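None of the values given here were measured: they were computed from a predicted structure. Numbering of ligands and ligand atoms starts at 1, following listing order.
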Amino acid sequence: MKLVLVSCCAPCSAGAIKQLADGAIPDVDDFIVLFFNPNIFPETEYQKRMAEQIRYCTTLGVKHVELEYDHVAWRDAVRGMEAAPERGPRCSRCFEFRFRRAADWARANGYDAVASVLGVSRHKDQTQVDRAAATVCGDVRYMPIKWDEGLRQQIGRASDFYRQNYCGCEFSIRKL
Ligand code: SF4
């Protein structure tokens with residue numbers, strides 16, 4: 001199976017990428033890391049997270065792709081939900097927006113399935129992430145893989161990753 005791993009940043013994805021690169025996930029023959037995060041604001045922050053993601057993939061020799069940064073389109077997608085709390089309806093819409101684009105990319109590029117690390121942070125609700133993916137991925141299979149949290153933390157401790165202190169959008173900055 002050819003898998004697209006939807007990633008938000010290097011610290012969240014480090015363990016998952018290592019597991020996939022090591023062939024530790026059954027049935028996955030090939031994979032690519034997809035970075036589609038138009039939710040991130042401001043753009044300078046987006047560039048930092050993307051650069052760190054690329055740096056980690058390059059270190060491991062892992063394929064990666066970065067899609068468009070259209071924050072205006074993302075704002076349109078969450079319009080009316082700006083004041084919702086984190087883990088609320090704005091986040092569901094945000095996840096759906098990103099998974100829909102990822103599934104479209106997977107379908108157009110010959111990949112069979114999508115998985116993600118969007119739920120690995122302790123601030124996230126994995127069930128909410130899984131529900132959003134299942135809602136929009138259509139004929140592209142969604143794999144709700146439970147990643148090795150210990151490995152992720154181990155790699156994080158040994159690395160000098162750039163680490164953000166908010167989820168990504170401008171509305172999550174206000175929550176600090
Ligand atoms: S808090 Fe995070 S998941 Fe929620 S809408 Fe903002 S960027 Fe998306």
Side-chain angles (χ1 to χ4, degrees), residues 3-17 32-57 64-106 113-138 140 142-149 152-153 155-156 159 161-176:
L3 177 75
V4 171
L5 178 68
V6 176
S7 178
C8 51
C9 63
C12 284
S13 64
I17 293 173
I32 189 167
V33 177
L34 183 142
F35 191 89
F36 175 61
N37 296 296
N39 51 306
I40 299 173
F41 183 88
E43 188 170 355
T44 50
E45 174 70 19
Y46 169 82
Q47 295 293 348
K48 277 187 203 170
R49 297 189 196 187
M50 183 170 67
E52 199 67 337
Q53 180 77 79
I54 292 171
R55 184 169 75 98
Y56 184 66
C57 288
H64 56 90
V65 61
E66 295 76 42
L67 303 186
E68 67 280 358
Y69 177 72
D70 188 346
H71 190 65
V72 173
W74 181 86
R75 282 292 300 262
D76 284 344
V78 301
R79 194 164 306 285
M81 302 175 180
E82 291 85 348
E86 199 161 336
R87 298 179 174 225
R90 186 188 69 242
C91 298
S92 292
R93 187 66 61 82
C94 176
F95 296 141
E96 288 170 8
F97 187 84
R98 292 149 74 193
F99 277 121
R100 185 178 290 109
R101 179 72 176 97
D104 286 347
W105 188 92
V114 165
S116 94
V117 296
L118 301 189
V120 304
S121 161
R122 61 192 165 85
H123 300 294
K124 289 284 162 287
D125 176 351
Q126 184 65 60
T127 303
Q128 181 182 26
V129 172
D130 293 342
R131 194 182 308 121
T135 301
V136 298
C137 281
V140 176
Y142 173 63
M143 296 178 69
I145 299 171
K146 183 156 175 39
W147 305 106
D148 183 341
E149 177 59 13
R152 183 178 81 88
Q153 291 186 8
I155 296 171
S159 75
F161 288 141
Y162 165 69
R163 292 175 190 284
Q164 59 276 4
N165 59 5
Y166 64 103
C167 181
C169 66
E170 50 270 65
F171 312 112
S172 59
I173 298 174
R174 282 210 301 265
K175 297 288 181 289
L176 293 176

Check: Would you say the side chain of Ile54 lies within less than 4.5 Å of the side chain of His64, judging by non-hydrogen atoms?
Finding: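 They are in contact (side-chain heavy atoms under 4.5 Å apart), so the answer is yes.
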| Looking only at atom types and distance, does a side-chain atom of Asn37 sit under 3.5 Å from a main-chain N or O of Asn39, one as donor and one as acceptor? |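 Side chain of Asn37 to backbone of Asn39: no pair is present.
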Next item on the list: Check whether NZ of the Lys or CZ of the Arg Arg49 lies under 6.0 Å from the centre of the six-membered ring of Tyr166 and within 45 degrees of that ring's axis.
Entry: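 Checked: cation-pi criterion met.
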If the cut-off is 4.0 Å to any non-hydrogen atom of [X], which atoms of ligand 1 fall inside it?
X      : answer
Arg90  : 1 (S), 5 (S), 6 (Fe)
Asn39  : 7 (S)
Ser172 : 1 (S)

(message) For Tyr162, run the side-chain hydrogen bond (donor to acceptor under 3.5 Å, both in side chains) check against Glu45, Glu52, Arg55 and tell me which one passes.
(response)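 Only one of Glu45, Glu52, Arg55 forms a side-chain hydrogen bond (donor to acceptor under 3.5 Å, both in side chains) with Tyr162, namely Glu45.
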Self-check item: Ionic contact status for Arg79 with Asp76, cut-off 4.0 Å
Solution: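 Salt bridge flag = yes for Arg79 with Asp76.
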In terms of residue, atom name and distance, what is the protein heavy atom nearest to atom 4 (Fe) of ligand 1?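 Sorting protein heavy atoms by distance from atom 4 (Fe) of ligand 1 puts Cys91 SG, 2.3 Å first.
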Review point. Which protein heavy atom lies closest to atom 2 (Fe) of ligand 1, and at what distance to 0.1 Å?
Key: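 Ranked first by proximity to atom 2 (Fe) of ligand 1 is Cys167 SG, 2.3 Å.
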(Q) I'd like to know if atom 6 (Fe) of ligand 1 has an N/O/S atom from Cys169 within less than 2.8 Å of it, counting both backbone and side-chain atoms. (A)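 An N, O or S atom of Cys169 is closer than 2.8 Å to atom 6 (Fe) of ligand 1, so yes.
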### Query
Does a side chain donor of either Gln53 or Ser13 reach within less than 3.5 Å of an acceptor in the other side chain?
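Yes, a side-chain donor-acceptor pair sits under 3.5 Å.
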Worksheet item: Should the proximity of Phe95 to ligand 1, defined as any heavy atom under 4.0 Å, be assigned to the side chain, the backbone, both, or neither?
Response: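 Side chain only.
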Give a yes/no on ligand 1: does Trp74 have at least one heavy atom closer than 4.0 angstrom to it?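 Distance cut 4.0 Å: Trp74 passes for ligand 1.
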With a cut-off of 6.0 Å (strictly less than), are more than 12 heavy atoms of other residues, nucleotides or ligands near CZ of Arg93?
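At most 12 heavy atoms, drawn from other residues, nucleotides or ligands, come within 6.0 Å of this atom.
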_Any N/O/S atom from Cys94 (main chain or side chain) under 2.8 Å of atom 4 (Fe) of ligand 1?_
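Not a single backbone or side-chain N, O or S atom of Cys94 is under 2.8 Å from atom 4 (Fe) of ligand 1.
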